[in-house]
**Q** 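Below you'll find the structure I mean.
Values below: every heavy atom of this structure, side chains too, minus hydrogens, waters and symmetry copies. Everything quoted here is computed from the prediction, not taken from an experiment. Chain naming here is simple, since letters A, B, ... match the order of the sequence lines and numbering starts at 1 in each.
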Amino acid sequence: MPSIELPDGKKLKFKEKVSGLKVAETISKSLAKEALLMSVDGDLRDLNFEIEKDSSVKIFTPKDKEGLETIRHDTAHILAMAVQELFPGTQVTIGPVIDNGFYYDFSRKEPFTENDLKKIEQKMMEIVDRNEPTHREVWNRKRAIEHFKKIGEKYKSEIIKDIPEGEEVSIYYHGKWHDLCRGPHLSSTGKIGKNFKLTKVAGAYWRGDSKNEMLQRIYGTAWSTKKELDEYLKRIEEAEKRDHRKLGKEMDLFHFREESPGSVFWHEKGWSLFQKLISYMRTKQNEGGYKEINTPEILDRALWEKSGHWEKFGENMYTSTTPDEKIFAIKPMNCPGCIQVYNQGLKSYRDLPIKMSEFGKVHRYEPSGALHGLLRVRAFTQDDAHIFCTEDQITEECLSVTNLILEIYKDLGFENVILKYSDRPEVRVGDDHVWDKSEAALLKAVKASKLEYSVNKGEGAFYGPKIEFVLRDAIGRDWQCGTLQVDLNLPERLGASFVDKDGSKKVPVMLHRALFGSLERFIGILIENYAGKLPFWISPLQVMVIPISEDFDNYAKEVNKKINNIGISSEVDLKNHNLNYKIREHSLSKIPLLLICGKKEVDSNTVTIRRLDSNKQENMELKRFLKKITALNKAPSN
RNA sequence: GCCCUUGUAGCUCAGCUGGUAGAGCAAUUGAUUUGUAAUCAAUAGGUCCGCGGUUCGAAUCCGUGCGGGGGCACCA
């Protein structure tokens, strides 16, 4: 006589054990039709699980997160089923749900082709149409291991071996096909619907370990309605349009080439953008009390050994052997060089905090497969700074870094920032009381920022806790950019010290911080965030002056000169093309302001403005226009 | 680094199962002198990523190297 409590508090009484489907039917016919799975006292269950005792039950439909995830999970099963029907002998491994979809990893000698993907997709549709019923069995683990071994599924038997002793080994059948699975699943293959699509094939290591065999992973996306699927595919398409590699080429900002994989060849316009960002940062940092320094790109191996980099990151460092056989390393980080600057001369507690910034170009030998446009390169410029301070100054300094970072992100159009705070890892250096202090100081800064934050336990650096700044772009993607780390280790290793009040020498705390992280990467993110339509003040080419015909060339040239004279980048288009053509061309190249000059403008000493992405026209006196763009040419916070 | 995939004109791409290359845009020249997203015409433009092999003959097939892309692993 189970009594079933529903989420709204209502109670249903049944004479005998009852399936989830029955419960749904009792509530309403439409719910029964929509129902996919349920939770019983918080545990997710199949709809045909029979409830025997009093419990609270919630029924899930495709509208619920649980419902959608189960659809995706089932689709992964159908994928495996289809693959094994089409390609006998293929071994199955795991097939989890991920953001927006699912994947399944297979072991098979021949690679899956794009064409196979289509065939598999068709077969999956067929299986949905067959509407095969699902049923669940619980097996004895020994039997399960032997069974999967016998049918040649060595990965599955390995997985079962790893299931903890106390847990049930459940097997799900969809028709005759069966798979080891925790469940829950939909009651039949027809319930999945057809709003899925296989998206790509890729390699993936068994158990995510590069020492293991490489499997073939098939990715797919699945949704509860056709509309959602289409919207998702549309989103992907939109993201592709924003790809900074594509836009970078179209906008003539930079290129890559074989001679130096992972290093940027900046074109005039890209470099101008780069310089604008640096000069903006300089202003902000000077206001914040930073002093800019610059340290060598190439430093003796001995320094890297002393700092610990040689041992820990040696494999990713570029080195250079001189004709007299000395080994130097090209810096992968700026900190050791910065500490050497700090080490010049005696420092007193009265000097602290000392904030040294450096736009340092660093080189890291990244694995070839990791390279990705501007987002992952082998040579990049950090907007780095190191703050030397006392333990007591940590909180205040962290706070000011956080404020600076937020202001800068905001200026560049990112208002949505979240923080990731990581505290002490198991393997670490330094006394616990210093860790206590620095963790508390950092956390205080995090809280004071009033931003959403997550705590990543034990994920700090071995030398200190850290905050990572994650910004969300215009289409909802998260990018980790800034970082702030408390370092209790490096200053000591490299012999940094200051004279304290009592006359004794002490080791300063060092804060590492980067706001953009890598200028190169940040520019990539900026381009994608704005889909190439950069704000006026950082746009590399800000104005294009367009004479309507040859007769107005001189006026246009004059206007162009005046704009350039006030430090705004402008060009004049004297080509023999009609106005429509020029507007199209310069709009596509994402120039923020187009100035049209014809008879009307010459006669009245005005210009007609057309803004990017607007077909409105605005006529204005030239003088007023110059004033206006002078104001526009500043960062919002300046 | 690993798996798959890919490399043709400045750009985007076509080129079936082998017979030494083609389009659109851009460029150049000429005509047109244009009022808010492509005016018309002509011309020129190629070591088909590099190296090696198979073949009478290779952009095409095979091997190998380098680069790009999608993932995995990595990301101080």
Side-chain angles (χ1 to χ4, degrees), chain A residues 103 105 107-108 110-114 116-117 199-219 240 243 245-246 249-250 252 255-262 304 307-317 331-336 362 364-373 375-378 380 382 461-463 466 480 483 485 487 490 512 514 517-518 521 546-553 574-589 594-601 608-619:
Chain A
Y103 66 78
D105 286 350
S107 169
R108 174 180 181 241
E110 292 75 44
F112 292 116
T113 63
E114 288 293 314
D116 291 338
L117 234 53
T199 50
K200 55 197 167 200
V201 223
Y205 296 107
W206 167 236
R207 303 210 146 146
D209 188 332
S210 57
K211 288 189 213 76
N212 290 341
E213 186 202 339
M214 180 146 286
L215 306 169
Q216 294 189 65
R217 174 171 299 178
I218 297 180
Y219 282 93
E240 273 165 16
D243 192 313
R245 294 166 298 187
K246 183 172 161 276
K249 202 186 262 178
E250 284 172 15
D252 193 19
H255 83 277
F256 290 92
R257 51 171 51 249
E258 284 191 24
E259 291 96 327
S260 188
W304 301 106
S307 71
H309 289 91
W310 190 265
E311 193 201 342
K312 277 203 120 59
F313 312 109
E315 283 198 352
N316 295 310
M317 282 162 74
K331 67 176 174 185
M333 294 180 83
N334 300 305
C335 18
V362 297
R364 299 176 182 180
Y365 190 74
E366 302 285 0
S368 58
L371 302 179
H372 182 97
L375 301 182
R376 189 82 181 269
V377 289
R378 284 181 174 155
F380 61 95
Q382 285 186 317
F462 70 93
Y463 48 75
K466 64 177 178 187
Q480 188 174 306
T483 161
Q485 305 174 358
D487 188 347
L490 213 49
H512 304 241
S518 144
R521 180 164 180 272
I546 304 174
I548 276 176
S549 79
E550 260 170 22
D551 295 345
F552 316 110
D553 279 5
L574 300 174
K575 282 194 201 113
N576 183 8
H577 280 133
N578 64 30
L579 182 59
N580 280 336
Y581 184 94
K582 290 182 181 181
I583 285 181
R584 177 178 155 81
E585 189 184 42
H586 301 305
S587 298
L588 288 175
S589 70
L594 304 184
L595 288 192
I596 316 298
C597 301
K599 184 163 191 317
K600 194 172 87 188
E601 287 75 14
T608 297
I609 308 161
R610 182 188 165 117
R611 281 166 215 280
L612 184 57
D613 265 354
S614 157
N615 48 17
K616 279 190 206 133
Q617 299 165 41
E618 193 182 352
N619 187 259

**Q** Would you mind reading off the distance between K616(A) atom NZ and A37(B) atom P, rounded to a whole angstrom?
**A** 15 Å

**Q** OG of S260(A) to CZ of R378(A): how many Å apart, nearest 0.5 Å?
**A**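 Reported to 0.5 Å precision, the distance equals 8.5 Å.
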
**Q** Could you check which nucleotide pairs with G63(B) in any of the strands shown, counting Watson-Crick or G-U wobble with both distances under 3.5 Å?
**A**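 Paired with C51(B).
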
**Q** Does a salt bridge link D209(A) with R207(A), judged by any charged N lying under 4.0 Å from a carboxylate O?
**A**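 Looking at D209(A) and R207(A), the cut-off is not met.
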
**Q** Return the polar atom pairs (N/O with N/O) between nucleotides 26-29 of chain B and the protein under 3.5 Å, or none.
**A**
residue	atom	partner	partner atom	Å
A26(B)	OP1	Y581(A)	OH	2.5

**Q** Encode nucleotides 68-76 of chain B as B, S and - characters from 5' to 3', where the letter depends on protein heavy atoms closer than 4.0 Å: B to the base, S only to sugar-phosphate, - to neither.
**A** SSBBBBBBB

**Q** Given that both distances must come in under 3.5 Å, which nucleotide forms a Watson-Crick or G-U wobble pair with A31(B)?
**A** U39(B)

**Q** Could you check whether T608(A) gets within reach of a base, just the sugar-phosphate, or nothing at all, counting any heavy atom under 4.0 Å?
**A** base

**Q** Could you please name the option among A37(B), G35(B), C4(B) that lies closest to any side-chain atom of R610(A)?
**A** A37(B)

**Q** Between A37(B), U33(B), G35(B), which one does the side chain of E550(A) approach most closely?
**A** U33(B)

**Q** Which comes earlier along RNA chain B counting from the 5' end, the contact point of S549(A) or that of E258(A), where each point is its nearest nucleotide?
**A**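 Looking at the nearest nucleotide for each, S549(A) comes out on the 5' side.
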
**Q** Evaluate whether atom NZ of K246(A) has more than 12 neighbouring non-hydrogen atoms of other residues, nucleotides or ligands under 6.0 angstrom away.
**A**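 Yes.
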
**Q** NA contact type, E601(A), heavy-atom cut-off 4.0 Å: base, sugar-phosphate, or nothing?
**A** base

**Q** Charged N to carboxylate O under 4.0 angstrom, E259(A) versus R257(A)?
**A** yes

**Q** Measuring to OP1 and OP2 of U36(B), would you say a side-chain N or O of N580(A) lies under 4.0 angstrom away?
**A** no

**Q** What's K249(A) touching, base or sugar-phosphate or nothing? Going by heavy atoms closer than 4.0 Å.
**A** sugar-phosphate

**Q** Please name the nucleotide paired to G1(B) by Watson-Crick or G-U wobble geometry with both distances under 3.5 Å, or report none.
**A**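 G1(B) is paired, partner C72(B).
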
**Q** Across the strands shown, which category fits K599(A) at heavy-atom distances under 4.0 angstrom: base, sugar-phosphate, nothing?
**A**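 It contacts base atoms.
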
**Q** Check whether any side-chain heavy atom of K599(A) sits under 4.5 Å from a side-chain heavy atom of I548(A), and report yes or no.
**A** no

**Q** Without swapping roles, check the side chain of Q216(A) against the backbone of R108(A) for a donor-acceptor pair under 3.5 Å.
**A**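 Yes; judged by distance alone, with no hydrogens or angles, the pair exists.
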
**Q** Does CD belonging to E110(A) count more than 12 external heavy atoms closer than 6.0 Å?
**A** yes

**Q** Once you apply a heavy-atom cut-off of 4.0 Å, does L594(A) come out as touching a base, just sugar-phosphate, or nothing?
**A**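 Since no nucleic acid heavy atom lies under 4.0 Å of L594(A), the category is nothing.
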
**Q** Considering every strand shown, what is the Watson-Crick or G-U wobble mate of A26(B) when both distances are under 3.5 Å?
**A**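 Across all strands, not a single nucleotide pairs with A26(B).
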
